[in-house]
Protein chains: 2
Amino acid sequence: MRNVTRQDVARLAGTSPAVVSYVLNDGPRPVAADTRSRVLKAVETLGYRPNQLARALRSQRSNTIGLVVPDSSEAFFTELVHAVEQAAFADGALVLLGNSGFDRERELRYLESLADMQVGGLLLVRSESGAAKGAGRALSELGVPVVHLNHRAPRGARATSVVLANRAGGRTLAEHVIGHGYRRIGCLTGTASSGPVSDRARGWADAMRAAGLDPSPVLRTGLDRRSTREQVKAWLRGPERPEAIVATADGLALDALSAAQETGLRVPGDLAVAGFGGTEPAAHSWPALTTIGRPFADFGRVGVETLKSVQRQAERVPDRVLDVELTVRRSCGC
Amino acid sequence: MRNVTRQDVARLAGTSPAVVSYVLNDGPRPVAADTRSRVLKAVETLGYRPNQLARALRSQRSNTIGLVVPDSSEAFFTELVHAVEQAAFADGALVLLGNSGFDRERELRYLESLADMQVGGLLLVRSESGAAKGAGRALSELGVPVVHLNHRAPRGARATSVVLANRAGGRTLAEHVIGHGYRRIGCLTGTASSGPVSDRARGWADAMRAAGLDPSPVLRTGLDRRSTREQVKAWLRGPERPEAIVATADGLALDALSAAQETGLRVPGDLAVAGFGGTEPAAHSWPALTTIGRPFADFGRVGVETLKSVQRQAERVPDRVLDVELTVRRSCGC
DNA sequence: GTGAAAGCGCTAACAC
DNA sequence: GTGTTAGCGCTTTCAC
């Protein structure tokens with residue numbers, strides 16, 4: 001059944017293979033109405049389905065997009081992957097998914113493999129650490145359109161990116177918490193000195209300074225959840241215990257919730273908490289988490305759209321910065 | 001940079017394109033040691049990378065596998081997708097991901113698109129409802145090896161499946177809860193009358209009957225989380241309130257946890273809860289959820305391995321049933 | 001041990 | 001408006 005070819009269709013329709021193409025692709029040449037219907041009928045009866053591999057090889061454009069994320073099982077990336085997949089499918093494109101596992105080496109191997117598969121474009125979600133190095137160079141040598149998702153493109157890389165309004169969002173989030181009357185508001189964030197998470201922390205600091213509050217209570221933790229919880233517990237038990245915690249990622253905020261729980265502190269009574277990302281788990285935690293983010297469907301859609309623009313335009317496509325919206329729930333003490 | 005072709009390599013190495021293939025594929029013909037090294041050097045200097053599209057088109061085998069799940073943003077599927085991706089990459093294969101959105105129509109459209117892309121094989125995770133209809137037929141006409149993941153293959157479809165030991169697992173889980181001394185143990189499950197979730201419920205009933213307990217407290221709910229919680233709340237407030245709930249999926253158990261929380265019941269003090277799946281959220285709930293499942297890495301690996309067998313063998317590859325293991329946490333009252 | 005040549009299934013000039 | 005033809009970049013048979 002699978003070996004029905006355009007040739008067969010042509011034969012049955014009593015025409016040539018080229019005409020079959022013209023019909024199926026609506027061009028580049030016109031086809032007489034009745035020829036067209038004969039072709040269509042033949043396609044139908046034979047159950048003909050064009051081989052996309054051959055089409056892509058010949059036409060040098062593929063309807064696949066490669067998507068590389070650090071870890072598709074982490075909530076934020078999970079939802080981004082889902083959103084991208086939805087947007088891509090709506091656009092008639094298929095998604096090749098890769099996990100870099102926060103590993104530069106592996107990330108590059110993936111990008112190469114995807115380029116070798118001749119994907120039409122690449123959507124890359126880098127992990128925080130080290131947006132630096134000759135990264136941009138390697139990327140441009142892939143010979144495939146790349147759009148950076150969630151983080152900015154490496155300096156001087158003339159590549160386009162789609163990011164959240166991280167700094168502004170961090171500020172808005174902090175302002176909301178400040179508005180509740182808390183004074184000693186800590187920032188729970190990652191160790192990276194650049195990237196989205198660190199931008200959010202900067203936004204928090206902006207708000208603190210603007211409100212005349214001390215922007216020094218910052219706790220930076222690594223990727224390990226258990227150790228994050230331990231560090232937060234130590235913080236909550238220490239002399240400098242914050243009254244509220246603004247976390248730069250929902251995952252961190254959720255860890256803070258657990259830490260509070262284990263320390264015997266009530267949220268939001270004894271400690272207010274807010275997160276960043278707008279992920280699902282934030283809605284189902286106890287108490288439910290106040291968080292700020294952009295609907296993932298938008299994020300994914302803009303990512304795919306931007307990639308399409310990059311594919312078709314020669315000039316550099318401008319970066320996109322997506323506004324974020326606050327979702328107020330119980331954890332912040334509202 | 002991208003347009004370096006095998007031709008160019010041959011030219012630089014002073015040999016023919018065919019020999020370049022022999023070297024790169026280690027066959028089918030032998031190559032003299034020094035010719036080989038000249039080729040390798042040329043590959044190196046030119047940065048040549050074979051076009052996988054062309055290779056696949058010519059050799060009729062592709063190193064991609066299609067993976068279709070109902071919703072990659074639901075915990076269980078999220079982890080399965082991740083595991084499959086890892087296993088595939090370790091195997092040198094790329095994963096094309098699709099979400100059927102619990103929609104038969106869409107699922108089929110996806111399978112067709114993936115087949116059109118000439119994927120080497122298909123890993124299909126169907127949603128519960130309706131494994132029936134002419135589904136098997138449509139699938140076999142795809143002309144691509146298919147392995148059913150997580151649910152059994154449709155009747156008479158001579159397709160292979162990889163599933164968890166759902167019924168046995170449901171029984172083990174119920175037995176564990178029964179062992180705690182609870183008598184009135186309810187089963188929280190889905191509405192489908194067949195499929196993994198329903199098999200787990202059967203296992204629960206087996207255990208109840210074997211222990212001389214009443215296997216009638218069953219609450220069946222749909223996919224909507226909010227309404228599930230409401231129904232559970234009604235159950236918990238009613239006259240037939242269970243002392244313990246065995247849920248046939250972690251998501252349901254988590255909903256039960258929320259419902260208990262909102263009803264003012266303490267878990268495990270007033271109500272014991274156990275789930276099925278072994279997903280991540282179960283480890284991070286409050287209290288942490290006792291659950292039974294198979295490490296996802298195994299699940300994914302076996303899925304990919306089985307697909308590989310199907311690809312290379314003509315005979316029907318036997319189904320795999322994966323044992324599940326109990327992870328005891330606080331929610332069951334241990 | 002090596003190379004020429006015939007396609008895989010398709011698109012898109014270019015003729016007619 | 002339709003058909004012929006030349007490839008896309010690769011694998012692999014077959015001759016040398």
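Reckoned from all heavy atoms, side chains included, excluding hydrogens, waters and symmetry mates. Order of the sequence lines fixes the chain letters, A, B, ..., with proteins taken first and strands second; residue numbering starts at 1 for each chain.
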- prompt: Is it true that Arg109(B) and Glu105(B) make a salt bridge, defined as a side-chain N closer than 4.0 Å to a carboxylate O?
  reply: no
- request: Mark yes or no for a side-chain to base donor-acceptor pair under 3.5 Å between Arg58(B) and dG7(C), with no hydrogen or angle criteria applied.
  value: yes
query: Within the pair Arg61(B) and dT12(D), is there a side-chain N or O less than 4.0 Å away from OP1 or OP2?
result: yes
task: Output yes when at least one side-chain N/O atom of Thr35(B) is less than 4.0 Å from OP1 or OP2 of dT2(C), else no.
output: yes
- request: Return no unless some side-chain N or O of Ser21(B) is found under 4.0 Å from OP1 or OP2 of dT12(D).
  value: no
- prompt: Are the charged groups of Arg320(B) and Asp298(B) less than 4.0 angstrom apart, N to O?
  reply: no
message: Expressed as a whole number of angstroms, how long is the span from Leu24(B):CG to dG9(D):C1'?
response: 13 Å
query: In whole Å, what is the span from the OH atom of Tyr22(B) to the C1' atom of dC10(D)?
result: 12 Å
task: Round to the nearest Å and state the distance from Asp26(A) atom CG to dC10(C) atom P.
output: 17 Å
Distance in angstrom units between Leu57(B) CG and dC10(D) P, rounded: 12 Å
query: Between dC8(C) and Thr5(A), is there an OP1 or OP2 to side-chain N/O distance shorter than 4.0 Å?
result: no
field: SB check Asp34(A) Lys41(A) (cutoff 4.0 Å)
entry: no
query: How long is the line joining CZ of Arg11(B) and P of dC10(D), in whole Å?
result: 13 Å
task: On DNA chain C, check which nucleotide each of Ala54(B) and Arg36(B) is closest to and give me the residue with the more 5' one.
output: Arg36(B)
query: Which class fits the ring pair Phe89(A) and Tyr110(B): parallel under 30°, tilted 30 to 60°, perpendicular over 60°?
result: parallel
field: Toward the 5' end of DNA chain C, by each residue's nearest nucleotide, Ser59(B) or Ala33(B)
entry: Ala33(B)
- prompt: On a plain distance test, is the side chain of Tyr48(A) in donor-acceptor contact with the base of dG9(C) below 3.5 Å?
  reply: no
query: Would Arg316(B) and Asp319(B) pass as an ion pair if we require N to O under 4.0 Å?
result: yes
query: Think Thr15(A) has a side-chain N or O under 4.0 angstrom from the OP1 or OP2 of dG3(D)?
result: yes
- line: Assert: residue with more 5' nearest nucleotide on DNA chain D, out of Val19(A) and Val20(B), is Val19(A)
query: With sugar-phosphate meaning primed atoms plus P, OP1 and OP2, does Ala32(B) contact a base, only sugar-phosphate, or nothing at under 4.0 Å between heavy atoms?
result: sugar-phosphate
- line: Atom CD of Gln60(B) and atom C1' of dT13(D) are separated, to the nearest Å, by 16 Å
query: Expressed in angstrom and rounded to an integer, what is the separation of Arg49(A) atom CZ from dC10(C) atom C1'?
result: 16 Å
task: Nearest whole angstrom, please: distance from the C1' of dA15(D) to the CZ of Arg29(B).
output: 11 Å
